[in-house]
Amino acid sequence: MKIFSLTVLGFWLLAVIAGRLLDLHGNDVDLNSVLANPSWQHWFGADDLGRDILARVLRGAEVSFIVAVVVAIVTMTIGVTVGLLAGFYGGKIDKILMQITDIFLAFPGILLAIAFAAVLGPGIINLMLALCLTGWVSYARLTRGQAMSLRQRQHVLAAESIGAKPLRIMLRHIFPLLSSILIVEATYSLASIMIAEASLSFLGLGIQAPNASWGAMLRDAVRYMLVAPHYVLIVGVSLMSLILAINLGGDYLRDKLDIASSINEK
Amino acid sequence: MISRLLNLISVVFGVLVLTFLLIHLVPGDPVEVMLGDSASVTDREALREQLGLNKPLLVQFGTYLNNLAHGDLGQSIHTKTPVIDLFKTRYPASIKLAFLSLIIGIVIGVPLGVYAALKAGHWQDLVVTIISVRLSAMPVFWLGPMLMLVFAVWLGWLPVSGMDEPTSIILPALTLGFGLSAILTRMTRTSLLEVLNDDFIRTARAKGLSETRVIVRHALRAALLPIVTIVGLQMGSLLAGTVITETIFSWDGIGRLLVESIEKRDYPVTQACVLAVALSYVVINLFTDVVYRLVDPRVRHAQAR
């Protein structure tokens, strides 16, 4: 499990870096090789504009990685802050903050993201904005629950009794105990953000042409499926291998860090 | 039930406000975005007048609610068709698709879950669990094209896309149904395993009931509650999945209409679609609550008391 996950992730990372170093041109149009089958010149074939699919898959992977990491960091920061405040102070602050998260939770995240992206207009920045706006909620929920129970721990009470400031308690005494559960949640969320990014790009709301993204490529591939079935197969297998590897990595971390399976049962 | 209803009303009101504000959240001038740079000043003014954007916000909201109450969802700015007419064909198509995939999800998911639970610890259980866990992690926009590739392109059994033939619905419904069935398999397995060790199951077996009867009438019935909850919770992602699946398979439902309207920047249509999807979600949740009551006598009696 661990070996598979690390191998696949390592492979993609190396491939993306190699693609950068070799300076593959994923946006070069070559009308002589439109929808060409895999060959020595184009290992994975070419797309509907004769662009090299391999180069575009790698560029798409890169974009996917970057979006996932940025969105994961931003959503985690917002979510953990909200969760810590709500869980630590309780009372009115908790009520207000949780009311807000409830409103967000009332609708499926991707649907909200579609609505946001529709309003903000397509593009990578707006895409990330839409994903951030909807993604922080699960972190907030998770952190709040944990913080509430950690708040009653003796070391927290002890710190409080010797007059430690709330901020210090939250950052030094509660947050470190949350780190393992957050690492696991963040790993899973990388996969779900990649899926969300690809979904929005698939719908034409994410990364815009001519730049490559797996969602948009899959959409084009579906259009030319009858003529060039290898296109959809390559993008599909790429996507599956990456998502699978990340989720297996998450499972591994979860077992390793010994966290109750409640996270995975969403 | 009263508080539930009040909650529902506040959610519906929130949805109405949000969809109303949708057009106002557009960065810049929505009229300019919709018509493009080439539109003449008179065209712009006409559209502004038509959408009522030149009136105060509160008046606009009042008009919006009033129109809704009269079944007027606005009209498309490109084709000038009233949105309600578009909905008359689009909405049933979406419902048909969602309903069929729900059935597929249940028909595949529940028996597989029961099977896995009965074989718990054996290799059959492991295979079913692994497949269902991995399948549920895959997005519909991956599963859809893959199914299309295998069954429509390679095997040629089913139409690729569109909705001309009666068999056209099979692939999109399978796409949506598989994901749901994977989640149901896992839930059924877990929930059934918990119940199987209970005293009443031992009693049922001790009094000599057939194993089928023990599982179906006694165990599965008790295990049904968490399953219903999950189905209800999953309806949200099913709705979102509908949007993408309809786009993949050119299925003319609300989801595809939503995507098309976003592409064309046809905001009145987008607004109406978002409203329709959100309201459907609210209604489904209410419906889940009702089913919950039917399935679990405890909930019913707690209410009556």
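Proteins come first, then strands; the chains are lettered A, B, ... in the order of their sequence lines, and each starts at number 1.
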Fill in: Max heavy-atom pair count under 4.5 Å with chain A, selected residue of B/Ile244, B/Leu143, B/Val243
B/Ile244
Worksheet item: Which bit of A/Val237 is near chain B, if near means a heavy-atom gap under 4.5 Å: side chain, backbone, both or neither?
Response: backbone
Worksheet item: In chain order, what residues pass the salt bridge (Lys or Arg N to Asp or Glu O under 4.0 Å) check against B/Glu260, with sequence neighbours excluded?
Response: B/Arg90, B/Arg256
Discussion item. Quick check on A/Leu218 against chain B: is it the side chain, the backbone, both or neither that has a heavy atom closer than 4.5 Å?
Written reply: side chain
Response to the item:
Of B/Thr270, B/Ile248, B/Leu258, B/Val274, the largest count of non-hydrogen pairs under 4.5 angstrom with chain A goes to B/Ile248
Item to complete: Please flag which part of A/Ile243 lies under 4.5 Å from any non-hydrogen atom of chain B: side chain, backbone, both or neither.
Response: side chain
Worksheet entry | A/Ala196 versus chain B, the contacting section by heavy-atom distance below 4.5 Å | neither
Item to complete: Side chain from CB out, backbone as N, CA, C, O: work out which of these in B/Met146 comes under 4.5 Å of a heavy atom of chain A, or both, or neither.
Response: side chain
Worksheet item: Are the side chains of A/Leu239 and B/Phe141 in touch, meaning some heavy atoms are under 4.5 Å apart?
Response: yes
Worksheet, complete the sentence: dist A/Arg219:CZ -> B/Thr247:OG1 (nearest 0.5 Å) comes out at 7.0 Å
Would you mind writing out the side-chain donor-acceptor pairs for residues 170-177 of chain B within the sub-3.5 Å range, not counting sequence neighbours?
| from | atom 1 | to | atom 2 | distance (Å) |
| --- | --- | --- | --- | --- |
| B/Thr175 | OG1 | B/Leu171 | O | 2.8 |

Worksheet item: Would you find more than 12 non-hydrogen atoms of other residues, nucleotides or ligands less than 6.0 Å from B/Leu155 atom CG?
Response: yes
